[in-house]
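Note: hydrogens, waters and symmetry copies are ignored here, and every other heavy atom, side chains too, is used. First the proteins, then the strands, lettered A, B, ... as listed; each starts at 1.
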Amino acid sequence: MNNFIIKEIYKDINNGLSKKKLKFRFAPEPNGVLHLGHVKAIYINFKLAKIFKCKINLRFDDTNPKNENLFYVRNIIDNIKWLGFKWDKLSFTSDYFLILYKWAKKLIIYNKAYIQYYNPKKNKYYNVYDIDKNLYYFNNMKLGKYDENLFVLRANISKELPNYHLKNPIIYRVIKKNHYKTLNNWCIYPTYDWAHGQSDYIEKISHSLCSIEFQNHKPLYNLFINYIYNKNFNSLKPKQIEFSKLNIIDTITSKRQFNYLIKKKIIKNYEDPRLSTINSFKKKGYKSISIINFIKKRGFTKRNYNISIKTLDIEVKKHFIKTAPILMVIFNPIKLIITNFKKQYVKWIKLNNKNKIPFTRYIYIEYDDFKLKHDHTFYRLSFKNYIRLKYSYIIKAYKIKKKKNIIKKIYCKIYKNIKSKKIKSTIQWVSSNFIKKIKILNYKYIFFKKNKIYNINSIKSIIGYTDNISIKNLKINKIYQFLRIGFFSFSKKNNFIKILYMKKKY
RNA sequence: AGACUCGUGGUGUAAUGGUAAGCACAUCAGAUUUUGAUUCUGACAGUUAAGGUUCGAAUCCUUACGAGUCUACCA
């Protein structure tokens, strides 16, 4: 693995940064569940810690109680574990609220921050210039004397930055809602800008990786670090490095959109197969290795790009082609009569030590696997082609029965002296005496485009058939290959979820 | 509109200023195959453009063009 982030770190090492001081962190806000987009940030941080054999923190960036809660904290912890990563220390930005507050007070004293208040009657904003007054108002904010949206603390750096919105950014605001962790201890909360870099500094993070939209905040990040930096404490200045995030065009990775779908009752929970949450992947039986490999292959750059969620299928398929047990399933059955096979007789075909399947005179095959007209690009069953029934006999058709111009039955014979090499096609079948109906959930990913939702009604139920012997031994949440059709996850009794279809070339 | 960032085959990436721009996926052929899958072999195809610096530029500089992020009491 080689990318610009690693190179930048090596550059820092060559410039004198001690390898022992390297430390990383993954810092999500607990305001939503983990999805595919997060995995990129998770992977790079944990991977770097492994490469450089250094520590990594999992820090919850919980500075806004309005939409954070313990459910999300647990979800994120569980899912990072499931992905196979371990952190050295679990921390919370809310652990640092007191020191952040003290630093903010110092900012006021050094004239680097000031109170701005809003007078609703006059519809006007006022800045406070006097230091003592600023301290007084800030203390009142902390005591909860003001309602939300009236008083804020702003940094005073207008001359130092060209970026308009970073000129005098808000660093503290009043939020009167209980925090899931600090409860009602606080009613003022630091903003991202006044919390993130500082937390990195406190935790002695050497490199703070984030996605590209934070690059505009970098000057502010560095400036605030300089404000609080104290070289007596063996501390180091953390460095922010930005990389482009995963832009997936045909699925949802926004918390706002997830919540909208739940509110509208389009989805019930985060396990819905139409989502690209880690929970959904888990439920579908994906292995974390497939997701990690997918992320690995994207690489890390600063370029912005759009990719399709379908490219994840390539990795998913790669894994399951090796591991998924095979099941013979028919979607559109047509009846076959093997006229030279004994009536009433059941031949048990041994697949392995555990499993066997029944073969009988009457079986079903897929409707598309038979063609009446001869065509030499068609390898499957016809009056001319010999084909093999998987695990079983070589047959050829010789007669059909039609009803209202639709083929209802195909008469075939077993041929025992045909050489295997001549057989171009092998197809799946199910004995009619042992047939079992199954339900398959077919879904498409939901996504938003220009405020329009696509694939809302994208969960469809399909009926399929297999034999009632094989289905008894299936395990829930395990992936099975439906021979020549695709990969399906066994969700509950007689129910499957489609994962992906095989390529059809014919 | 400004500020910041980024432009390498169809897609995602690689190349201390130094070999003939490498790899993977996709696509298309051929071989193998009790899955028209897989596997194997091969083909296809690229440095946004123009100038400059240099013995030598994907890489450094300038301009143009294109894309993204931001201009929140979200992170």
Side-chain angles (χ1 to χ4, degrees), chain A residues 1-4 7 10-11 14 27-32 60-64 66-68 93 116 118 141 147-154 161-167 169-175 188-196 210-220 242-247 255-256 293-308 310-311 313-315 317-318 320-322 324 326 328 369 377-380 387-394 420-421 423-428 481-487 500-506:
Chain A
M1 186 162 127
N2 200 9
N3 60 45
F4 83 100
K7 277 180 215 154
Y10 272 119
K11 217 185 244 173
N14 289 337
E29 186 191 13
N31 70 341
F60 285 95
D61 210 2
D62 50 357
T63 55
N64 186 349
K66 276 190 175 164
N67 33 31
E68 295 158 2
T93 301
Q116 181 182 64
Y118 175 67
M141 275 172 71
D147 287 340
E148 288 182 22
N149 302 320
L150 296 178
F151 280 74
V152 292
L153 185 69
R154 282 181 180 274
L161 285 166
N163 240 359
Y164 174 78
H165 86 287
L166 296 179
K167 273 185 176 176
I170 291 168
I171 60 174
Y172 264 98
R173 75 281 211 210
V174 175
I175 299 174
I188 53 170
Y189 291 90
T191 56
Y192 168 86
D193 286 319
W194 186 248
H196 200 94
C210 60
S211 53
I212 205 106
E213 67 258 38
F214 289 103
Q215 63 195 5
N216 304 49
H217 293 249
K218 195 172 188 167
L220 204 53
E242 313 88 4
F243 60 88
S244 64
K245 61 177 184 180
L246 215 53
N247 280 325
K255 174 214 148 203
R256 210 186 67 242
N293 279 342
F294 168 76
I295 296 294
K296 250 190 220 172
K297 288 189 179 166
R298 296 300 110 191
F300 291 85
T301 61
K302 285 195 171 196
R303 289 174 219 161
N304 50 284
Y305 59 88
N306 293 325
I307 49 160
S308 165
K310 284 168 198 137
T311 53
D313 285 356
I314 295 163
E315 291 303 325
K317 184 178 179 179
K318 229 179 218 173
F320 290 132
I321 198 86
K322 290 182 204 149
I326 290 174
M328 296 202 287
D369 284 343
T377 65
F378 182 78
Y379 305 156
R380 284 113 70 211
I387 61 144
R388 186 192 305 274
L389 296 167
K390 181 78 177 174
Y391 308 122
S392 179
Y393 298 104
I394 291 167
S420 286
K421 285 244 166 187
I423 308 302
K424 270 194 157 179
S425 183
T426 299
I427 64 167
Q428 71 272 34
Q481 184 193 148
F482 290 2
L483 190 72
R484 298 172 57 233
I485 298 173
F487 295 93
L500 57 102
Y501 286 119
M502 295 278 190
K503 252 183 281 175
K504 265 200 174 183
K505 281 195 170 177
Y506 46 92

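Among the protein residues, A:Leu150 comes within range of the nucleic acid bases, having at least one heavy atom under 4.0 Å from a base atom. Looking at heavy-atom distances under 4.0 Å, A:Thr377 makes contact with a base. Here A:Thr63 lies in heavy-atom contact (under 4.0 Å) with sugar-phosphate atoms only. Residue A:Lys7 is in sugar-phosphate contact alone, with no base atom involved, counting any heavy-atom pair closer than 4.0 Å across all strands shown. Within 4.0 Å of A:Tyr189, counting heavy atoms only, lies no atom of the nucleic acid at all. Within the nucleic acid shown, A:Tyr118 has no heavy atom closer than 4.0 Å to any nucleic acid atom. Nucleic acid contact for A:Ile485: none, since no nucleic acid atom lies under 4.0 Å from a heavy atom of the residue. Contacts of A:Asn149 with the nucleic acid, taken as non-hydrogen atoms under 4.0 Å apart, include base atoms. Using a 4.0 Å heavy-atom distance criterion, A:Tyr391 is classed as a base contact. Using a 4.0 Å heavy-atom cutoff across all strands shown, A:Lys390 reaches at least one base atom of the nucleic acid. Within 4.0 Å (heavy atoms only), A:Lys255 reaches no atom of the nucleic acid at all.
Under the side chain to side chain contact (heavy atoms under 4.5 Å, CB included) test applied with A:Val174, the options A:Val152, A:Asp147, A:Ile188 reduce to a single match, A:Ile188.
In this structure, A:Lys424 has no salt bridge (charged side-chain N to carboxylate O under 4.0 Å, His left out) partners at least two apart in sequence or on a different chain. Taking A:Phe482 as the reference, A:Phe488, A:Phe496 meet the ring-ring contact (aromatic ring centres under 6.0 Å, His included) condition, with sequence neighbours excluded. Every residue two or more places apart in sequence or in another chain was checked for a salt bridge (charged side-chain N to carboxylate O under 4.0 Å, His left out) with A:Arg173, and none qualifies. Residues passing the salt bridge (charged side-chain N to carboxylate O under 4.0 Å, His left out) test with A:Arg484 are A:Asp369, sequence neighbours excluded. Not counting sequence neighbours, A:Lys296 has no partner by the side chain to side chain donor-acceptor pair (under 3.5 Å) test. Scored by the salt bridge (charged side-chain N to carboxylate O under 4.0 Å, His left out) test, A:Lys218 finds A:Glu242 as partners (sequence neighbours excluded). A:Tyr10 pairs by the ring-ring contact (aromatic ring centres under 6.0 Å, His included) definition with A:Phe52, not counting sequence neighbours. Every residue two or more places apart in sequence or in another chain that forms a ring-ring contact (aromatic ring centres under 6.0 Å, His included) with A:Tyr118 is listed here: A:Tyr125. In this structure, A:Phe378 has no ring-ring contact (aromatic ring centres under 6.0 Å, His included) partners at least two apart in sequence or on a different chain.
Using bins of under 30°, 30° to 60° and over 60° for the plane-to-plane angle, the ring pair A:His217/A:Tyr192 lands in the perpendicular bin.
Contact between the side-chain N/O atoms of A:Arg303 and the OP1/OP2 oxygens of B:U13 is found at a separation under 4.0 Å. An OP1 or OP2 oxygen of B:C23 is reached within less than 4.0 angstrom by no side-chain nitrogen or oxygen of A:Lys297. Distances shorter than 4.0 Å separate none of the side-chain N or O atoms of A:Asn306 from OP1 or OP2 on B:U11. Side-chain N/O atoms of A:Arg173 include one lying less than 4.0 angstrom from OP1 or OP2 on B:C74.
For A:Arg484 against B:G36, a side-chain-to-base donor-acceptor contact under 3.5 Å is absent. For A:Glu242 against B:U69, no side-chain N or O and base N or O form a donor-acceptor pair under 3.5 Å.
Ranking B:U35, B:A75, B:G36 by closeness to the A:Asp61 side chain, first place goes to B:A75. Taking the side chain of A:Glu29 as heavy atoms from C-beta on, and the options B:A37, B:C74, B:A15, the nearest nucleotide is B:C74. In this structure, the nucleotide among B:A26, B:A75, B:C6 sitting nearest to the side chain of A:Lys302 is B:C6. In the set B:G36, B:A14, B:C74, the nucleotide with an atom closest to the side chain of A:Tyr379 is B:G36. In the set B:U35, B:G36, B:A75, B:U35 carries the atom at the smallest distance from any side-chain atom of A:Leu483. You'll find that the side chain of A:Thr301 is closest to B:U13, out of B:U13, B:C6, B:U35.
Looking at heavy atoms from C-beta onward, A:Thr311 lies in side-chain contact with A:Phe294 at the 4.5 angstrom threshold. A:Gln428 has its side chain out of reach of A:Ile326: every pair of non-hydrogen atoms, C-beta onward, lies at least 4.5 Å apart.
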Requested in this report: Tell me, with the steps shown, if A:Glu148 and A:Lys66 meet salt bridge (charged side-chain N to carboxylate O under 4.0 Å, His left out).
Outcome: CA-CA 12 Å; A:Glu148 288 182 22; A:Lys66 276 190 175 164; 3.2 Å; yes
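Distance check on atom C1': B:A29 versus B:G22 gives 24 Å, rounded to whole Å. As rounded to the nearest Å, B:C60 and B:G68 have P atoms that lie 23 Å from one another. Remark: the separation of the P atoms in B:G9 and B:A50 is 15 Å, to the nearest Å. Look at the C1' atom in both B:A43 and B:A26: the space between them is 14 Å, to the nearest Å. Atom P of B:U39 sits at a distance of 46 Å from the matching atom of B:G56, rounded to the whole Å. Spacing of C1' atoms, B:U27 relative to B:A64, comes out at 34 Å, to the nearest Å. The separation of B:U32 from B:U38, taken at their C1' atoms, amounts to 11 Å, rounded to a whole angstrom. Look at the P atom in both B:A14 and B:G7: the space between them is 10 Å, to the nearest Å.
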Any protein N or O atoms within reach of nucleotides 66-68 of chain B? Criterion: under 3.5 Å, listing atom names and distances.
from, atom 1, to, atom 2, distance (Å)
B:A67, O2', A:Asn304, ND2, 2.8
B:G68, O4', A:Asn304, ND2, 3.2
B:G68, N2, A:Gln215, NE2, 3.0

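Paired regions of RNA chain B, where each region holds three or more successive Watson-Crick or G-U pairs whose two hydrogen-bonding distances fall under 3.5 Å, are B:1-7 with B:65-71, B:10-13 with B:22-25, B:27-31 with B:39-43, B:48-52 with B:60-64.
Remark on RNA chain B: of its neighbouring residues A:Leu389 and A:Ile307, the 5'-side contact belongs to A:Ile307, judged by nearest-heavy-atom nucleotide.
The 12-atom threshold is exceeded at NZ of A:Lys302, counting heavy atoms of other residues, nucleotides or ligands nearer than 6.0 Å.
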Report task. Do nucleotides 38-48 of chain B as a string where each nucleotide becomes B, S or -: B if the base has a protein heavy atom under 4.0 Å, S if just the sugar-phosphate does, - if no protein is that close. Result -> S----------
